[in-house]
Asks: 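Sharing a structure below in structure tokens format, with a few things to ask.
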There are 2 protein chains.
Amino acid sequence: MKMKIKQVAELVGISVRTLHHYDEIGLLTPEETTDAGYRYYSEQNLETLQQILFFKELDFPLKEIKEILSDPSFDRQQALQLHRKLLLEKRERIDQMIATIDKTTQYVKGEIHMSNEEKFKGFNFSHNPYEEEARKLWGAKAVDQSNASFKNNAVGEKMNDIYRKLADLRNTPPESTEAQTAISEWYEFLNTQTGHHYSLEAFKGLGQMYVADERFTTNIDQFGAGLAQFMCEAMTFFADNNEQ
Amino acid sequence: MKMKIKQVAELVGISVRTLHHYDEIGLLTPEETTDAGYRYYSEQNLETLQQILFFKELDFPLKEIKEILSDPSFDRQQALQLHRKLLLEKRERIDQMIATIDKTTQYVKGEIHMSNEEKFKGFNFSHNPYEEEARKLWGAKAVDQSNASFKNNAVGEKMNDIYRKLADLRNTPPESTEAQTAISEWYEFLNTQTGHHYSLEAFKGLGQMYVADERFTTNIDQFGAGLAQFMCEAMTFFADNNEQ
DNA sequence: ATAAAGTGTTACGTAACGTGAGGGTCAATA
DNA sequence: TATTGACCCTCACGTTACGTAACACTTTAT
């Protein structure tokens, strides 16, 4: 059941040029190439393409997608589950935007007032914070088991520092002053270095994702077994205790 | 209440560079610039920025956004309503994707079978057909009242041809053979020239949107008063009568 | 067998910023 | 008042993911 390039393009709704491009960069090499140079795609190729589009939908750059897919430890099921989760969040953001639009409609009419923050609710950052985190952790792992390329940048380095510091504390109570200081550093870091603002609620949610999603858990626990759980608890405590 | 560039950037979740860029291309010029060259943004600027982000979310290119916003006939309320509609559809697509992921999960486990089409349901084209249509009609109008730039490409020309043909028929019954022939040409055109596949159901939905959304109605009726209504009826009839 | 439709490879173009480099500006301290 | 650190500015080149010809070859349909 080999398919020619245009058939594939039409089936999945992308251009022929795009498939050429994916071949060029080695992201999707057709299973067979005839003597005339014609590309023929197999069933397997289609499945890979599906994966590629899943990742693309979540704005992963092609380079990363390539690395992730070629990682022998890549687990399709896990990937699918994470995607599901991220899509659900994307949907929530759309709901937010719709709400913002509705509010704006009233605002334009002069019926209500809107704060500046409200005017941009849901439109803030095109991808959500979890996604950002996922990219870092997952990407980092995919590139190199020892995080080589990740360490090359200052942000990644500092991030690892904090993880390590927290790992050292993971057997103390999460409410301890030391743990809370380290966690507040983490909170600070996220808010200053990632360019996104995390509300305390979001921060708490992020912590919960650390244990709810195996991908996160696995990656975080590389710094020390049980770190994800510890961070989750410490983050929850931090969030609950710093509300005003 | 003038805001400095970084404040704005943080408020809306974009980079300073982005605001620089928007200023460069004349998309968003800050209300005030000090002697030192500092940009100060006003409340009004923020409102424009909100509009820009609305459009960006729907993947309108900046150039088009600029034209749309600077069009004196631009109606913010109408724009908001169309955005709402498009976002709702985007949400539906996300639901589709989630469903596809769920199905794929089962498929990977070997529990069920999946056709190739199914594997890409929801991932097909990054923007939906309505959006595509909206872009064409709206964009065309924004660029030039006489559709100048739109006529320059073959697709647009053919599209106008069909519209005109239909406009000539708009006072005959929509079920007439002539009308149905013209409509089937329209259906053919959409399926072959736009790169998207329209099911009969989708085709019918599109027709209904022609009358439900004033933007569409207004633009279509430029070819002749009442054309939108006529097309809607003819498309509905066509869809209902060609099912098997 | 001949045209129409599809496919190939260069190769330059583009959109929307990212990312420094190098150098002013401003508000708060010491 | 001098200084410092956080912001701000303007170039200007880099990047990602293709779009868009241009031109030649293959396959398929009639």
Side-chain angles (χ1 to χ4, degrees), chain A residues 2-30 32-41 49 52-53 55-67 125-127 132 135 139 152-155 188 191-195, chain B residues 2-30 32-41 49 52-53 55-67 125-127 135 139 149 152-155 192-195:
Chain A
K2 311 281 177 194
M3 291 177 79
K4 283 208 242 176
I5 198 161
K6 206 198 173 184
Q7 287 179 276
V8 176
E10 271 172 2
L11 173 65
V12 311
I14 59 179
S15 75
V16 169
R17 175 67 176 92
T18 299
L19 287 168
H20 280 168
H21 184 60
Y22 290 173
D23 188 6
E24 246 176 63
I25 64 174
L27 177 58
L28 181 66
T29 315
E32 202 189 317
T33 310
T34 69
D35 293 341
Y38 276 40
R39 280 165 256 247
Y40 280 87
Y41 293 84
L49 186 50
I52 293 173
L53 294 188
F55 279 103
K56 237 192 68 174
E57 176 68 28
L58 299 171
D59 294 313
F60 279 67
L62 298 185
K63 198 182 280 190
E64 268 177 52
I65 299 181
K66 187 181 169 186
E67 278 155 359
F125 37 83
S126 60
H127 47 283
E132 179 85 356
R135 188 194 314 282
N152 289 340
N153 84 353
V155 179
E188 263 312 293
N191 272 324
T192 56
Q193 302 300 311
T194 63
Chain B
K2 312 280 176 194
M3 293 177 78
K4 282 207 242 179
I5 198 162
K6 206 197 174 186
Q7 287 180 276
V8 176
E10 271 171 3
L11 173 65
V12 311
I14 61 180
S15 73
V16 168
R17 175 67 175 92
T18 299
L19 287 169
H20 279 168
H21 184 60
Y22 290 174
D23 188 6
E24 247 176 62
I25 65 174
L27 177 58
L28 182 66
T29 314
E32 200 190 317
T33 309
T34 69
D35 293 341
Y38 278 38
R39 279 166 257 246
Y40 280 87
Y41 293 83
L49 186 50
I52 293 173
L53 294 189
F55 279 104
K56 238 191 70 175
E57 176 67 30
L58 299 170
D59 294 312
F60 279 67
L62 299 185
K63 197 182 283 191
E64 268 177 52
I65 298 182
K66 186 181 168 186
E67 278 155 1
F125 38 85
S126 60
H127 48 282
R135 190 191 312 282
S149 88
N152 288 340
N153 83 354
V155 178
T192 55
Q193 302 300 310
T194 63

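Throughout, a chain's letter reflects where its sequence line sits, starting with A, and its residues are numbered from 1. Note that the coordinates shown come from a computational prediction; the quantities given were computed from them, not determined experimentally.
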Asks: Distance check: side-chain N/O of T33(B) vs OP1/OP2 of dC8(D), anything under 4.0 Å?
Replies: no
Asks: For I52(A) and I65(A), work out which heavy atoms get closest and say how close.
Replies: O-CD1, 3.9 Å
Asks: Write down the distance between CD (E67(A)) and P (dT16(D)), rounded to a whole number of angstrom.
Replies: 11 Å
Asks: For dT28(D), does either OP1 or OP2 sit under 4.0 Å from a side-chain N or O belonging to K4(A)?
Replies: yes
Asks: Heavy-atom nearest nucleotide on DNA chain D for G37(B) versus V16(A): which residue maps closer to 5'?
Replies: G37(B)
Asks: OG1 of T29(B) to OH of Y41(B): how many Å apart, nearest 0.5 Å?
Replies: 8.5 Å
Asks: Counting any heavy atom closer than 4.0 Å, what does I25(A) reach on the DNA or RNA strands: base, sugar-phosphate only, or nothing?
Replies: nothing
Asks: For the pair made of CG in L27(B) and P in dA15(C), what is the distance, rounded to whole Å?
Replies: 14 Å
Asks: I want to confirm an ordering. Mapping Y38(A) and D23(A) to their closest nucleotides on DNA chain C, which one lands closer to the 5' end?
Replies: Y38(A)
Asks: Would you mind reading off the distance between F60(B) atom CZ and dA16(C) atom C1', rounded to a whole angstrom?
Replies: 17 Å
Asks: Whole angstrom is fine here: how far is it from NZ in K6(A) over to P in dT28(D)?
Replies: 14 Å
Asks: Measure across S15(B) and A9(B) and return the closest heavy-atom pair with its distance rounded to 0.1 Å.
Replies: C-CB, 4.1 Å
Asks: Between H20(A) and dC18(D), is there a contact of a side-chain N or O with OP1 or OP2 at under 4.0 Å?
Replies: no
Asks: State whether R39(B) places a side-chain N or O below 4.0 Å from either non-bridging phosphate oxygen (OP1 or OP2) of dC9(D).
Replies: yes
Asks: Is the distance from OP1 or OP2 of dA15(C) to the nearest side-chain N or O of K63(B) less than 4.0 Å?
Replies: yes
Asks: State which of dT16(D), dG19(D), dC17(C) makes the closest approach to the side chain of H21(B).
Replies: dC17(C)
Asks: Whether K56(A) contacts dC18(D) is assessed here as follows: a side-chain N or O lying under 4.0 Å from the phosphate OP1 or OP2. Is that the case?
Replies: yes
Asks: Is the phosphate of dC18(D), meaning OP1 or OP2, less than 4.0 Å from a side-chain N or O of Y22(A)?
Replies: yes
Asks: State plainly whether the residues K63(B) and E67(B) are in salt-bridge range, i.e. N to O under 4.0 Å.
Replies: no
Asks: Of R17(A) and A36(A), whose nearest nucleotide on DNA chain D comes first from the 5' end?
Replies: R17(A)
Asks: Quick one: is T18(B) getting a side-chain N or O under 4.0 Å of the dG18(C) phosphate, OP1 or OP2?
Replies: yes
Asks: Rounded off to whole Å, could you give me the CD-to-C1' distance for the E10(B) and dC8(D) pair?
Replies: 14 Å
Asks: What is the distance, rounded to the nearest whole Å, between atom CG of D59(B) and atom P of dC17(C)?
Replies: 12 Å
Asks: Considering only heavy atoms from C-beta outward, does the side chain of V8(B) approach that of I5(B) to under 4.5 Å?
Replies: no
Asks: Distance check: side-chain N/O of S15(A) vs OP1/OP2 of dG19(D), anything under 4.0 Å?
Replies: yes
Asks: Evaluate the side chain to side chain contact (heavy atoms under 4.5 Å, CB included) criterion for residues L19(A) and R39(A): first the C-alpha distance (whole Å), next the side-chain angles of each, then the deciding distance (0.1 Å), finally the verdict.
Replies: CA-CA 10 Å; L19(A) 287 168; R39(A) 280 165 256 247; over 6 Å; no
Asks: NZ of K66(B) versus P of dA16(C): gap in Å, rounded?
Replies: 12 Å
Asks: Given atom OH of Y41(A) and atom P of dT7(C), what is their separation to the nearest angstrom?
Replies: 10 Å
